[in-house]
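Indexing begins at 1, ligand by ligand and atom by atom, following the structure's order. In this text the structure is predicted, and so the values were computed from the model without any measurement.
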Amino acid sequence: MKRISRRTFVKNMTGITSGAIFFGGNAQLLSSCINRSKVADSLKVFIPMPLQVVIDDVGWWSGEDGSKRQEPYRTGINRNHVPADYQAIADLGRALGIRPQAAFILCEWDKENILRQLPTGTWMGDKWDNSKWIGPWYEEAAEIIRNNRKYLELTIHGVGHEYWEKGAFTRAEWTDSDGQMRPQDQVELHLDFFEKLLNQHNLGPLPKSFVPAAFRHSFGPSEGRDVSLAEILIKHGVNYINTPFSSMYNKERAQYGLFGFDADVMTVDRGDDEFPWTAFPGDPVKVLSGSTCGLHWPNMLHPDPERNPEIVRRWVDFLKPCDEKPDMMLAPDSDTFQHQLAHNKATQATLIRNNIILDFTETDKFPGQTGKGDLILKIITDKPHQFRSDDIDILSESLQKGNELQYKLVLRRKPEMGKVRIRID
Ligand SMILES: [Zn+2]
């Protein structure tokens, strides 16, 4: 985030005598440097960037990278996956108070061999036989997932990750390597079977979020297709796609830099992961600047599953400080994430004497419900304050003490209030 220093700001604002400080567009910080109010003199207000944790390629039971023999890449680790690997995701979520997104591949969860009816979905085509993976670990893992809904969010990644024709695959399941979406009827079928596999284990309904397999994705319709993947997804209730824009086709169509709306589906740039998908485990140190902490399942697991908690602890220690920064926050779930990202981008904040004014005019131009939900503010100050408002509900207020005081306000918008005032006492 670009922080505007007092000196720069005063220089830029020479000649402006109003006490109001105004930042357009990316309203993330407002500082009270020329405000005459004693109350506001020491205040800095942030609309923090939300950070979401997204974990890819969850769901495999085999860890083998089978790509050399026309099987999927899977996770490429030298052991099978076990229920403890699911527990690791839930443990991460619980320790941080968030719902990490687990982007699932489900073919090895098929206990009825229904994927024989989806020959493009697996390496065995209509001879699909998954009997070797049927066992008590299904229910053990499913129970972990069901019991930890607050700490693990199921996300669609794919049925088999790649796309098979005549026994050979091409990358990837939803979109090919030239950026063309697979035929619409196949996309619909793959979504239907993904949901059927969830239902076999009482893990439905179909999730509302999506990570494209192998990050092959086109924003908007691809060459030779009438509709975009997003248009199909939204018909199935999916309203959010997370993928790196560096490998997204037609990325220039994304309207707001870090994100865009494709058929009203919020599509967010994942940025670059710190680790390759094969890093097993990872030891995170990278400074996060975007809105997504993307990783692959092996990056947070240990070769000995009993030692998974050691690796989870590394990720907790790495991520927790992000939540303590004034200009960042860990998104507790993907709904909050989407709203907060919209606010971070478009909600304008002004400090006038002892009032914070929030203007949602630009935010409310986003499609659908994006930006209409809760908003988090962080306020840095050197002395205690109280915050009140008739215009917006202050759902919670928490205080982090350090060299300065840092308040965190969770705010709930009232319908029809396009501009609100929060009084600081
Ligand atoms: Zn993947």
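The existence of a salt bridge linking Asp327 and Lys378 is excluded, since no basic side-chain nitrogen approaches an acidic carboxylate oxygen closer than 4.0 Å. A salt bridge does not link Lys196 with Glu112: none of the charged nitrogens is closer than 4.0 Å to a carboxylate oxygen.
We find the CG-CG distance between Asn239 and Leu233 to be 10.0 Å, quoted to the nearest 0.5 Å.
Between Phe261 and Phe366, the ring planes are tilted. Angles from 30° to 60° get that label.
The atom name of the N/O/S atom in His161 closest to the Zn ion (ligand 1) is NE2. Distances from the Zn ion (ligand 1) to the N/O/S atoms of Asp57 are shortest for OD1.
Residue contacts to the Zn ion (ligand 1): His296 brings no N, O or S atom closer than 2.8 Å.
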